[in-house]
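Note sheet for the following structure.
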2 protein chains.
Amino acid sequence: MITLSEENYLKAIYHLERQMGGAVSTNAIADKMETKASSVTDMVKKLADKDYVIYKKYQGVSLTNKGNKTAANVVRKHRLWEVFLVEKLNFSWDEVHDVAEQLEHIKSPKLINELDTFLEFPTHDPHGDPIPDKDGNISKLDKISLSKVPLNDLCTCVGVIDSSAEFLKYLDKHKIALGTQIKVIEKESFDESMTIVIHDSELNISKTVANNIYVKTH
Amino acid sequence: MITLSEENYLKAIYHLERQMGGAVSTNAIADKMETKASSVTDMVKKLADKDYVIYKKYQGVSLTNKGNKTAANVVRKHRLWEVFLVEKLNFSWDEVHDVAEQLEHIKSPKLINELDTFLEFPTHDPHGDPIPDKDGNISKLDKISLSKVPLNDLCTCVGVIDSSAEFLKYLDKHKIALGTQIKVIEKESFDESMTIVIHDSELNISKTVANNIYVKTH
DNA sequence: ATATATTTTTAGACAAGTCTAAATTTTATT
DNA sequence: AATAAAATTTAGACTTGTCTAAAAATATAT
Ligand SMILES: [Mn+2]
Ligand SMILES: [Mn+2]
Ligand SMILES: [Mn+2]
Ligand SMILES: [Mn+2]
């Protein structure tokens, strides 16, 4: 039986593998998990013993098939619960993370199947992230960062990269949500800030904000 | 912060206090938790340090106000989740226990409040057990065991004592559910089995079965 | 009241998960 | 290629929760 801690490590490795590519370093895991490198080494050995990861001393780790499937299932649960919280329990998208972090560890295949059905098989979570299917496959939407969109092309917000409560509340304040239409009308070259049009009004956003918004162009 | 294990011990003590009355013995807790008496002693000391219980060596434990409220809240969460699973996710009453056992430990006041609202403030769980309110108060229904009902009095099934999957499936098989009307028409004195009428047909049930059904008389 | 049985506690051990500090290996720099 | 810096691992310790075996306290029976 897999422990809660092992699941959290697998999930971190899963996200890092996807983000970077290639083997994941001990320090990268330690950073993401907010723990110490020595703790990571210990855990990574256990995960290797249980065939969740391939680990070679000093060379980082990568998920096995088994590890990838297990991690994807935790992510699936996390995102399905987020949808539940927002759609059914009146949570806003900046309130769901900590609760989903707990709920993702509940063990019951029937529960997650029924939840999926109850929610009518959602494909994305409230932050625009895709929900892995039962086999761990995820749909890859061709989304790009708002900072890379050409001037005057109309695009639609389809996700966020930073999903911290602070950032999400900033977006709420400026009425930027999933599905919101955005057009970039000006870019400042000295600080890479930009002026965008949303809901027929202009807004100036920083490079950081633009970097953390995913859009789809039409 | 209270741990998962501490919550489980508090819940066990809560149920035992209610069942017996007076201080709860180390062995009684060990039995209910399926653990060893020495483990109970260790944990009970921790709970006393944290003011959840009063503990005097060799004299058993009793919950403090704080302990009672904390335990009742775990029970509240357990039962609300059970309602959710049955009402919204197509679980049957014999499938909910293990999942609720996990879900009861999720920490989020907003979650449980919203769940309560979503379920339209249920007062009883799928086994007929009352759901404590936010302050830990529970409604006391005047229910009695079916084995104590006089002959030929019509009564209604309002709960079960044993809520094991085996017993619940037995009840399902014989179409006994919460709300089912029952009339006892005969009692065998030698083994205390009885003949009851449900849905216009006769059924013979053992003393054990009768003992584990709660009914309300009219 | 004394002996016996039962219950409860203590002592010492172990696994999981984490940490600090030191040692080792790898990588980068001169 | 030698040295310095950074990353990683090891060694040893600590906490939580559990266990077994032995000791102590309480309850029961003669
Ligand atoms: Mn988690
Ligand atoms: Mn999300
Ligand atoms: Mn539990
Ligand atoms: Mn129940």
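To find a chain, count down the sequence lines: A is the first, B the second, and so on, and within it residues start at 1.
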Side chains of B/Thr3 and B/Ser5 only: does a donor on one sit below 3.5 Å from an acceptor on the other? no
Excluding sequence neighbours, so at least two apart, what forms ring-ring contact (aromatic ring centres under 6.0 Å, His included) with B/His124? none
Separation of C/dG17 C1' from A/Leu4 CG (nearest whole Å): 12 Å
For A/Lys207, enumerate each residue passing the salt bridge (charged side-chain N to carboxylate O under 4.0 Å, His left out) test, keeping only those at least two apart in sequence or located in another chain. A/Glu192
Residues passing the salt bridge (charged side-chain N to carboxylate O under 4.0 Å, His left out) test with A/Asp129, sequence neighbours excluded, are none
Counting only heavy atoms not in [X] (residues, nucleotides, ligands), do more than 12 fall under 6.0 Å from its [atom1]?
X        : atom1 : value
A/Lys216 : NZ    : no
B/Asp135 : CG    : yes
B/Lys32  : NZ    : yes
A/Asp191 : CG    : yes

Pairs satisfying side chain to side chain donor-acceptor pair (under 3.5 Å), at least one member in residues 79-95 of chain B, at least two apart: B/His78-B/Glu82, B/Glu82-B/His127, B/Ser92-B/Asp94, B/Ser92-B/Glu95, B/Trp93-B/Asp172
Please list all pairs meeting side chain to side chain donor-acceptor pair (under 3.5 Å) that have one or both residues in residues 47-64 of chain A, counting only residues at least two apart or in different chains. A/Glu6-A/Lys50
Let me check something: any side-chain donor-acceptor pairs from residues 7-28 of chain B under 3.5 Å, sequence neighbours excluded? List them with distances.
residue, atom, partner, partner atom, Å
B/Glu7, OE1, B/His105, ND1, 2.6
B/Glu7, OE2, B/Lys107, NZ, 3.4
B/Asn8, OD1, B/His105, NE2, 2.9
B/Lys11, NZ, B/Glu101, OE1, 3.4
B/Lys11, NZ, B/Glu101, OE2, 2.6
B/Lys11, NZ, B/Glu104, OE1, 3.0
B/Lys11, NZ, B/Glu104, OE2, 3.1
B/Glu17, OE2, B/Leu63, N, 2.8
B/Ser25, OG, B/Ala28, N, 3.1

Check each residue of residues 5-26 of chain B for a non-hydrogen atom within less than 4.0 Å of any atom in DNA chain C, then write out the ones that pass by number, or none. B/Ser25, B/Thr26
Within residues 30-42 of chain A: residues closer than 4.0 Å to DNA chain C (heavy atoms): A/Thr35, A/Lys36, A/Ser38, A/Ser39, A/Asp42
Using a heavy-atom distance cut-off of less than 4.0 Å, which residues of residues 48-58 of chain A contact DNA chain D? A/Tyr55, A/Lys57, A/Tyr58
Students should find that the nucleotides of DNA chain D closing off the region near chain A, any atom under 4.0 angstrom from a heavy atom, are D/dA7 to D/dT10
B/Asn27 vs C/dT6: side-chain N/O to OP1/OP2 distance below 4.0 Å: no
What residues, two or more places apart in sequence or in another chain, satisfy side chain to side chain donor-acceptor pair (under 3.5 Å) together with B/Asp133? none
Please list, chain by chain and in numerical order, all residues satisfying side chain to side chain donor-acceptor pair (under 3.5 Å) with B/Asp142, sequence neighbours excluded. none
